[in-house]
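Remarks on the structure that follows.
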Amino acid sequence: MLNILCVGDIIGASGVEFIKKNLWNIRKNNNIGCVVANGENSANGNGIDPKSAGAIFESGVDVITTGNHVWQKNNIYDFLDENKFILRPANFPDFCPGAGYNIIDIMGYKILFINLLGTVFMEPGIESGFITADRIFLRENDNYDFAVIDIHAEATSEKNALAKYIDGKNLKAGIIFGTHTHVQTADEKILKNGAGYITDLGMTGPADSVLGIKNELIIQKFLTKMPVKFEVSDDNIELQGIICKIETETKNFKCVEIKRINFTES
């Protein structure tokens with residue numbers, strides 16, 4: 001069995017600091033062979049930069065996925081080109097910095113990591129994730145053992161539909177998870193053809209907040225409709241996500257167990 005930990009959106013310096021302190025112990029205590037985490041909100045003020053990405057890798061994350069905020073810090077562009085372990089959404093045009101997917105050897109297994117962006121209430125004009133996924137799977141075909149896919153999207157219906165579309169075509173998808181909404185859903189399941197699925201992993205950030213931001217600032221925004229500078233809270237940090245067991249002995253690489261997790265500092 002290969003245990004894979006999928007970590008919800010890492011929010012700001014407090015989220016990064018939490019995984020720096022705790023992730024290696026979480027890996028050890030749960031026999032984790034691979035960690036994939038969404039880091040698109042890990043930099044100060046939003047986005048991701050080389051400093052926050054480097055800290056996430058040093059903390060024990062193997063692969064970083066991102067989303068619609070990936071272009072927020074322009075100093076990440078070269079980093080995306082130079083480091084195959086960080087992905088930007090694959091349905092951005094090919095001439096954009098970085099790659100939307102990569103096949104990475106982890107513990108002797110060729111894992112196809114894919115980052116997809118939703119189209120509903122998201123980036124206007126972006127290519128459909130359904131079309132992008134089809135193209136990637138057709139191109140890579142027999143080059144990987146199983147896939148791990150981050151669907152960074154707003155609409156739960158789009159995440160559900162895309163996950164079932166991919167699983168339904170039996171494309172060796174081991175794990176499909178959603179990110180972006182920062183609220184962990186309670187619908188973890190194994191789909192018909194063996195992909196572990198959850199609509200949203202949640203976040204690695206402050207429990208007492210509104211999607212990671214200080215409560216009073218979000219309330220002020222709703223009450224006044226005036227511009228408000230958002231600040232990440234740093235209290236009661238928790239790591240949310242899933243742990244999936246991938247069956248490796250018979251090499252069918254299906255997800256045989258999926259568990260929703262929520263780690264806090266002891």
Can you see whether [X] engages [Y] through a side-chain donor-acceptor pair at a distance of less than 3.5 angstrom?
X	Y	result
Glu238	Thr264	no
Asp150	Asn38	yes
Asn68	His152	yes
Lys84	Asn102	no
Asp187	Tyr197	no
Tyr101	Arg139	yes
Asp49	Ser52	yes
Glu158	Thr119	yes
Thr185	Asp200	no

Quick one, [X] and [Y] - any side-chain contact, counting heavy atoms below 4.5 Å?
X	Y	result
Glu140	Lys110	no
Tyr77	Asn75	no
Ile106	Phe113	yes
Pro97	Trp71	yes
Leu201	Ile242	yes
Ile11	Ser42	no
Lys259	Glu188	no
Lys169	Phe137	no

Taking all non-hydrogen atoms of both residues, which atom of [X] and which atom of [Y] are closest, and how far apart?
X	Y	answer
Ala37	Ile10	CB-CD1, 3.9 Å
Leu116	Ala133	CD1-CB, 4.1 Å
Ile258	Cys244	CG1-SG, 3.7 Å
Gly212	Pro206	O-CG, 3.5 Å
Met1	Glu249	N-OE2, 2.8 Å
Leu5	Leu23	CD2-CD1, 3.8 Å

Lys172 to Tyr144 six-membered ring, cation-pi geometry met (6.0 Å, 45°)
yes
From [X] [atom1] over to [Y] [atom2], what is the distance, rounded to the nearest 0.5 angstrom?
X	Y	atom1	atom2	answer
Arg88	Cys96	CZ	SG	5.5 Å
Asn91	Ile126	CG	CD1	5.0 Å
Glu17	Asp234	CD	CG	10.5 Å
Asp167	Leu162	CG	CG	11.0 Å
Ile213	Lys229	CD1	NZ	11.5 Å
Ile176	Tyr165	CD1	OH	12.0 Å

Working note: His69 + Asn41, criterion side chain to side chain donor-acceptor pair (under 3.5 Å); need CA distance, chi angles, decisive distance, verdict.
CA-CA 7 Å; His69 292 149; Asn41 289 300; 3.1 Å; yes
Check the pair Lys254 / Glu247 against salt bridge (Lys or Arg N to Asp or Glu O under 4.0 Å), numbers first and verdict last.
CA-CA 6 Å; Lys254 304 292 186 182; Glu247 202 287 316; over 6 Å; no
Is the number of heavy atoms from other residues, nucleotides or ligands under 6.0 Å of [X] [atom1] greater than 12?
X	atom1	answer
Asp94	CG	no
Lys221	NZ	yes
Lys189	NZ	yes

Single-linkage hydrophobic cluster [X]~[Y], side-chain heavy atoms < 4.5 angstrom:
X	Y	value
Phe230	Val16	no
Val61	Leu2	yes
Ile86	Val148	yes
Phe146	Ile149	no
Ile111	Ile243	yes

If only atom types and distance count, is the side chain of [X] paired as donor or acceptor with the main-chain N or O of [Y] below 3.5 Å?
X	Y	answer
Thr66	Leu87	yes
Asp145	Lys251	no
Asn83	Phe79	no

Charged N to carboxylate O below 4.0 Å: is that the case for Glu40 and Lys73?
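The answer is no: the pair does not qualify as a salt bridge.
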Lys214/Glu231 salt bridge by N-O under 4.0 Å criterion
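Yes, charged N to carboxylate O under 4.0 Å.
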Under the criterion side-chain contact (heavy atoms from CB on, under 4.5 Å), I'd like the reasoning laid out for Ile26 against Leu239: C-alpha separation, chi angles, the key distance, then a yes or no.
CA-CA 10 Å; Ile26 292 171; Leu239 181 155; 4.3 Å; yes
Determine, step by step, whether Met122 and His180 satisfy the side-chain contact (heavy atoms from CB on, under 4.5 Å) criterion, reporting the C-alpha distance in whole Å, the side-chain angles of both residues, the deciding distance to 0.1 Å, and the verdict.
CA-CA 10 Å; Met122 297 287 283; His180 180 66; 3.7 Å; yes
Could you walk me through whether Asn215 and Asp208 satisfy the side chain to side chain donor-acceptor pair (under 3.5 Å) test, starting with their C-alpha distance in whole Å, then the side-chain angles of each, then the deciding distance to 0.1 Å, before giving a yes or no?
CA-CA 8 Å; Asn215 296 321; Asp208 186 14; 2.8 Å; yes
Can the ring centroids of Phe253 and Tyr109 be said to lie less than 6.0 angstrom from one another?
yes
Going through the checks in order, is the side-chain contact (heavy atoms from CB on, under 4.5 Å) test met by Ser233 and Glu216?
CA-CA 10 Å; Ser233 177; Glu216 61 271 20; over 6 Å; no
Before you tell me yes or no, could you show the steps for Lys159 and Phe177 under side-chain contact (heavy atoms from CB on, under 4.5 Å), namely the whole-Å CA-CA distance, both residues' side-chain angles and the distance that decides it to 0.1 Å?
CA-CA 8 Å; Lys159 296 178 191 180; Phe177 58 82; over 6 Å; no
